[in-house]
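Below is one structure, written out as structure tokens; the observations come after it.
Atoms within each ligand, like the ligands themselves, are counted from 1 in listed order.
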Amino acid sequence: MSTSILVTGGAGYIGSHTVLELLSAGYEVTVVDNFCNSHPEALNRIEHLSGRSLRRIEADVRDTSALVNALRISNASAVIHFAGLKAVGESVLQPQRYYDNNVVGSLRLLEAMAQCEVKTLVFSSSATVYGSPLSLPYREDHPLAPTSPYGHSKSMVEQVMRDTVASDAACRFATLRYFNPVGAHSSGLIGEDPQGVPNNLLPFVAQVAIGKREHLNIWGADYDTPDGTGVRDYIHVVDLALAHLRALDALAIPPSKTGKGQYLALNIGTGKGYSVLEVLAAFREASGMPIPSRIQARRPGDIASYYADPAKAKTHLGWVATRSLVEMCADTWRWQKGNPDGYQQR
Ligand code: NAD
Ligand code: UD1
């Protein structure tokens, strides 16, 4: 019998790419999603691409009994927890909504897992837990000093996970700190479908390329970086998805005899930073589109530069990112061109 995995938020951007990889690798998958920031059409496309079916349960992760039911009917042996709200600016305006969804949602999930004796969890964290860099690249032992309610919600869940592992030697938890996920599946059938004006660089650039927006605003060209624009560690979403499968493999290795549970906190990035101008050049190359841009003042709250030290993920998961910046741009462009209005029917 194949292994069954419960995926919360599996219809979203990163979740959908991970569910596709899980199905392709032979796992049984049950998705729990309330579709507050996604469309069920993503799940139809995953089934089409994988040639396999998945179980879908429309429910909120804050609903413990729905989660218990989902764990029981799926007979899941592990959970990958993507469900959460992710807009940093919105979290500043609506902090309680973010803590409720992200922190309470995770607590309810842990409660349901405890009731069903499910001990393996992979959690979506973010590089934003580090705050302003004291040193670069960020290593996992860099102090955690988030600067937004969103970032705090992630570091709080990390703390709860650490404490849970300390209290229960059977627990095997991994928290993956994503850097900047971009790109789409190479089929062009699933990708990122932002609602409204995108905040993030790649979705905005793609919308300029397709003619939905007039030009890209470059938020600051006077940073202390090689060309003055902000530098980030962009990671292809399929590389990121595969890190979750490697995390499941690593957590499946039987617990040591130390009597302690396992808790892994890992950076998931490429280790290489690219500037806004470098991304723009790569996107122009990949798409053949001109992409007008204008230099503007810095965006409040932005950091000049950050990127990962991904060595720990290599050691513990045997995982490294392999897809290049040009592939990230080419795949984003294929998705954008084929789906100018995303999953549309929203
Ligand atoms: P997304 O919004 O595309 O996906 C999140 C999914 O969770 C959506 O399908 C949404 O409908 C669902 N969801 C949200 N709240 C829910 C709830 N209470 N109950 C059930 N379903 C719920 O986001 P994404 O980019 O795929 O991000 C996935 C995870 O990774 C999030 O936890 C996010 O904070 C984290 N993360 C994302 C990024 C990024 O840049 N995309 C970076 C670092 C970390
Ligand atoms: C943002 C989030 C971070 C999240 C990450 C996910 C904030 C403060 N941080 O980070 O928590 O994990 O997204 O991908 O919101 N840029 C432009 N013009 C644009 C958009 C962006 O010049 O229209 C520049 C930014 O100034 C930055 C770079 O592009 O230098 C990347 O920006 P963005 O994609 O928003 O990501 P982050 O700022 O790293």
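Set against the non-hydrogen atoms of Ser125, the atoms of ligand 1 under 4.0 Å away are 43 (C), 44 (C). The contact set between ligand 1 and Ala59, taken as ligand atoms under 4.0 Å from a residue heavy atom, comprises 19 (N), 20 (C). Under a 4.0 Å criterion applied to the non-hydrogen atoms of Ile218, ligand 2 contributes the atoms 22 (O). Interface atoms of ligand 1 facing Tyr150, defined by a heavy-atom separation under 4.0 Å, are 33 (C), 34 (O), 35 (C), 36 (N), 43 (C), 44 (C). Atoms of ligand 1 found under 4.0 Å from any heavy atom of Cys36, numbered from 1 in the order shown, are 10 (C), 11 (O), 13 (N), 14 (C), 15 (N). Within the listing of ligand 1, atoms 17 (C), 18 (N), 19 (N), 20 (C) sit less than 4.0 angstrom from a heavy atom of Asp60. Taking a cut-off of under 4.0 Å to the non-hydrogen atoms of Asn217, the atoms of ligand 2 that pass are 17 (C), 18 (N), 19 (C), 22 (O), 23 (O). Residue Ser124 has at least one heavy-atom neighbour below 4.0 Å for each of these atoms of ligand 1: 29 (C), 30 (O), 32 (O), 35 (C). In the vicinity of Gly230, heavy-atom distances shorter than 4.0 Å reach the ligand 2 atoms 30 (O).
At the top of the distance list for atom 27 (O) of ligand 1, counting protein heavy atoms only, stands Ile14 CD1, 3.7 Å. The single protein non-hydrogen atom nearest to atom 19 (N) of ligand 1 is Val61 N, 3.0 Å, given as residue, atom name and distance. Shortest contact from atom 5 (C) of ligand 1 to any protein heavy atom: Gly84 O, 3.9 Å. Atom 25 (O) of ligand 1 has as its closest protein heavy atom Lys86 NZ, 2.8 Å. Nearest protein neighbour of atom 3 (O) of ligand 1, counting heavy atoms only, is Tyr13 N, 2.8 Å. Shortest contact from atom 22 (C) of ligand 1 to any protein heavy atom: Asn34 OD1, 3.1 Å. Looking at atom 28 (C) of ligand 1, its nearest protein heavy atom turns out to be Phe82 O, 3.6 Å. Nearest protein heavy-atom contact of atom 11 (O) of ligand 1 is Asp33 OD1, 2.7 Å.
In summary, Arg45 and Glu41 engage in a salt bridge, as defined by a charged side-chain N under 4.0 Å from a carboxylate O. Salt-bridge formation is not detected for the pair Glu278/Lys272: no Lys NZ or Arg NE/NH1/NH2 atom is positioned less than 4.0 Å from an Asp or Glu carboxylate oxygen. A salt bridge links Asp249 to Arg246: at least one charged side-chain nitrogen sits closer than 4.0 Å to a carboxylate oxygen. Asp309 and Arg139 are not joined by a salt bridge, as no carboxylate oxygen comes within less than 4.0 angstrom of a charged side-chain nitrogen. The residues Arg52 and Glu28 are annotated as salt-bridged, a charged nitrogen and a carboxylate oxygen being separated by less than 4.0 angstrom. With respect to Asp222 and Arg298, a salt bridge is recorded, a charged nitrogen being found less than 4.0 Å from a carboxylate O.
Residues Thr18 and Val7 have side chains not in contact (no heavy-atom distance under 4.5 Å, counting atoms from C-beta outward). Side-chain contact check for Val197 versus Phe204: some heavy-atom pair is nearer than 4.5 Å. Between Val31 and Phe82 there is no side-chain heavy-atom pair separated by less than 4.5 Å. You'll find the side chain of Tyr150 stays beyond 4.5 Å of the side chain of Val92, heavy atoms only. The side-chain heavy atoms of Tyr223 and Ile303, taken from C-beta on, include no pair separated by under 4.5 Å.
Residue contacts with ligand 2: Tyr306 is placed with a nitrogen or oxygen under 3.5 Å of a nitrogen or oxygen of the ligand (distance criterion only). Annotation: Ser38 places an N or O atom under 3.5 Å from an N or O atom of ligand 1; distance criterion only. For a threshold of 3.5 Å applied to N or O pairs, the pair formed by Asn37 and ligand 1 contains at least one separation below that value. Ligand 1 has no nitrogen or oxygen under 3.5 angstrom from a nitrogen or oxygen of Asn200. The shortest N or O to N or O distance between Phe179 and ligand 2 is not below 3.5 Å. Between Gly12 and ligand 1, at least one pair of N/O atoms sits closer than 3.5 Å.
Side-chain N or O atoms of Lys312 include one that pairs as donor or acceptor with a backbone N or O of Ala265 at under 3.5 Å.
The closest approach between Pro181 and ligand 1 falls below 4.0 Å for a heavy atom of the residue. Not a single heavy atom of His81 sits closer than 4.0 Å to an atom of ligand 1. In this structure, Asn101 has a heavy atom closer than 4.0 Å to ligand 1. Assignment of Tyr274 to the shell around ligand 2 is not supported, since no heavy atom sits closer than 4.0 Å. Put simply, no part of Ala42 is less than 4.0 Å from ligand 1, judged by heavy atoms. Within the 4.0 Å heavy-atom shell around ligand 2 one finds Ser126.
At a heavy-atom cutoff of 4.0 Å, ligand 1 is contacted by no atom of Ala127, backbone or side chain. The proximity of Val88 to ligand 2, defined as any non-hydrogen pair under 4.0 Å, is limited to the side chain. Looking at Leu216 against ligand 2, only its side chain comes within 4.0 Å, counting heavy atoms. With a 4.0 Å cut-off on non-hydrogen atoms, Tyr223 does not touch ligand 2 at all. Of all the heavy atoms of Leu201, the ones lying under 4.0 Å from any atom of ligand 2 are found in both the backbone and the side chain. For Leu202, no heavy-atom contact with ligand 2 is shorter than 4.0 Å. If you look at Phe35 next to ligand 1, the close heavy atoms, those under 4.0 Å, all belong to the backbone.
The shortest non-hydrogen separation linking Pro203 to Pro194 is CB-CG, 4.0 Å. Glu214 and Pro292 make their closest contact through O-CG, 3.3 Å (heavy atoms, listed as atom of the first residue, atom of the second, distance). Considering every non-hydrogen atom in both Pro146 and His152, the closest pair reads O-NE2, 3.4 Å.
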- Could you go step by step and tell me if Asp100 and Arg97 meet the salt bridge (Lys or Arg N to Asp or Glu O under 4.0 Å) rule? CA-CA 5 Å; Asp100 186 38; Arg97 180 167 163 245; over 6 Å; no
- Phe123/Phe173 under ring-ring contact (aromatic ring centres under 6.0 Å, His included): CA gap, chis, key distance, verdict: CA-CA 8 Å; Phe123 171 63; Phe173 290 177; 9.9 Å; no
- Message: Working note: Tyr178 + His244, criterion ring-ring contact (aromatic ring centres under 6.0 Å, His included); need CA distance, chi angles, decisive distance, verdict.
- Response: CA-CA 11 Å; Tyr178 311 156; His244 295 78; 5.5 Å; yes
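Between Cys116 and the options Asn75, Val79, Val68, a side-chain contact (heavy atoms from CB on, under 4.5 Å) holds for only Val68. Each of Gln336, Arg323, His236 was scored for a side chain to side chain donor-acceptor pair (under 3.5 Å) with Asp331, with one residue passing: His236.
Distances from atom 43 (C) of ligand 1 to the heavy atoms of Ser126, Ser153, Gly151, Pro203 put Ser126 nearest.
There is a side-chain donor-acceptor pair under 3.5 Å between Arg177 and Tyr130.
Under the 4.0 angstrom criterion, atom 28 (C) of ligand 2 counts as having a protein heavy-atom contact.
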